[in-house]
Protein chains: 2
Amino acid sequence: MAETVAPGRVLPHPDREEIRLETVLHALSDPVRLRIVRELSTAADELSCSRFDLPVTKSTTTHHFRVLRESGVIRQTYRGTAKMSGLRRDDLDELFPGLLDALLAAAAGQHARLGEEA
Amino acid sequence: MAETVAPGRVLPHPDREEIRLETVLHALSDPVRLRIVRELSTAADELSCSRFDLPVTKSTTTHHFRVLRESGVIRQTYRGTAKMSGLRRDDLDELFPGLLDALLAAAAGQHARLGEEA
DNA sequence: CTCGTAGTACGAGGGATGTCAAACTACGAT
DNA sequence: ATCGTAGTTTGACATCCCTCGTACTACGAG
């Protein structure tokens, strides 16, 4: 029963109006989190946490995903044992027009410029 | 001698290629610093630190301006006893096209939306 | 039911950060 | 030379942040 979505566990997300620019910028100022966001932006739809190959442990990964969610950058839902994550493009574009695209372009540009290191 | 610029004291600035997106975002994730940058963006030319009416002490102000300078967001030079600050628009636009404008627009939008509090 | 996998919770450690006060330096004006 | 203004430096303090390991919970498969 219950569709593909909606398990017992619920994840708190800030409403769109609650999203603050400073908090978003702080969330994206960490290399690991910026990398997560970049990968999410290139994915067609949502990804599970375990699809990322990050240079940190599981608990640290959980921490970073939570920071991203609580800042309003990503949306997360459970699907079985997996936790799916996706960018909150709609809300961010509405709140800060052009910002997400500029940020992603900047991140991509820096990545291309500096090579594979970061 | 010596023109209106160039005193004995020199301030270290990162080269354009050394500016990192994560560091810039971190610099802008502080409310006080974001406010400084917003004020600088509306000014015709450079401003001295004392032109800002910030809710922190002088030493904290010094700290915030240094973070902004070392992250590559602003450029600072001494002119007499005053320290002039201005946005590094040219370098930032070259490095991250559209980012600064999107950030400033986002900050202005949030300010308008939330009123005078922050 | 039992097991394995995905992710969480709870400290804890170590470093960075924002804040301040107090003493200090640099420069211009008188 | 003296003073005042602008900004710096240093040290301290509280807090936050990233990281980890270990123990834990939730769900699906067999």
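All figures in this text were calculated on a predicted structure; none of them were measured in a lab. Letters go in sequence order (proteins before strands), and every chain restarts at 1.
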Taking only N and O in the side chain of A/His64, is any of them less than 4.0 Å away from OP1 or OP2 of D/dT19? yes
Between A/Ser59 and A/His26, just flag the one whose closest nucleotide in DNA chain D comes earlier from the 5' side. A/His26
Taking donor-acceptor contacts at under 3.5 Å, does the side chain of B/Lys83 reach the base of D/dG7? no
base_contact_polar (C/dA9 base, A/Thr62 side chain, donor-acceptor, <3.5 Å): no
Establish, with yes or no, whether the OP1 or OP2 oxygen of C/dT25 is under 4.0 angstrom from a side-chain nitrogen or oxygen of B/Tyr78. no
More 5' along DNA chain D: A/Lys58 or A/Pro55, using each one's nearest nucleotide? A/Pro55
Is there a side-chain contact between A/Phe52 and A/Leu40 (heavy atoms, below 4.5 Å)? yes
Taken to the nearest whole Å, CD1/A/Ile74 to P/C/dG7 is 12 Å
What is the nucleic acid contact for B/Ser48, judged by heavy atoms within less than 4.0 Å: base, sugar-phosphate only, or nothing? sugar-phosphate
Taking NZ, NE, NH1 and NH2 as the nitrogens, is one of them in A/Asp91 or A/Arg75 under 4.0 Å from a carboxylate oxygen of the other? yes
Does either side chain, that of B/His13 or that of B/Arg69, offer a donor lying less than 3.5 Å from an acceptor on the other one? no
Mind checking if A/Arg33 touches a base, just sugar-phosphate, or nothing, with heavy atoms under 4.0 Å? sugar-phosphate
Under a plain distance cut-off of 3.5 Å, with no hydrogens placed, do A/Glu46 and A/Gln76 share a side-chain donor-acceptor pair? no
Verify the contact: side-chain N or O of A/Arg79 to OP1 or OP2 of D/dG28, cut-off strictly under 4.0 Å; return yes or no. no
Name the residue closer to the 5' end of DNA chain C, choosing between A/Ala82 and A/Arg66 according to the nucleotide with the nearest heavy atom. A/Ala82
Tell me whether A/Asp53 is salt-bridged to A/Arg35, with the criterion being a basic N under 4.0 Å from an acidic carboxylate O. no
B/Leu28 CG to C/dT17 P: how many Å, rounded? 14 Å
CZ of B/Arg69 versus P of D/dG7: gap in Å, rounded? 13 Å
Starting at CZ of A/Phe65 and ending at C1' of C/dG7, how long is that distance when rounded to a whole Å? 11 Å
Rounded to whole Å, NE2 of A/His63 lies from P of D/dC16 at a distance of 13 Å
Among D/dT19, C/dC27, D/dG28, find the nucleotide with the atom closest to the side chain of B/Thr81. C/dC27
Hey, does B/Ser50 reach any base, or is it just sugar-phosphate, or nothing, if we go heavy atoms under 4.0 Å? sugar-phosphate
How close or far is atom C1' of C/dA6 from atom CG of A/Leu47, stated in whole angstroms? 15 Å
Quickly work out the A/Leu11 CG to C/dG7 P distance and round it to whole Å. 12 Å
When you measure from the side chain of B/Val56, which nucleotide among D/dT19, C/dT19, C/dA21 comes out closest? C/dT19
For residues A/Thr60 and A/Thr57, is any side-chain donor paired with an opposing acceptor at under 3.5 Å? yes
Can you measure B/Asp30 atom CG to D/dC17 atom P for me and round it to whole angstrom units? 12 Å
For a quick check, tell me whether the side chain of B/Thr60 and the base of C/dG18 share a donor-acceptor pair closer than 3.5 Å. no
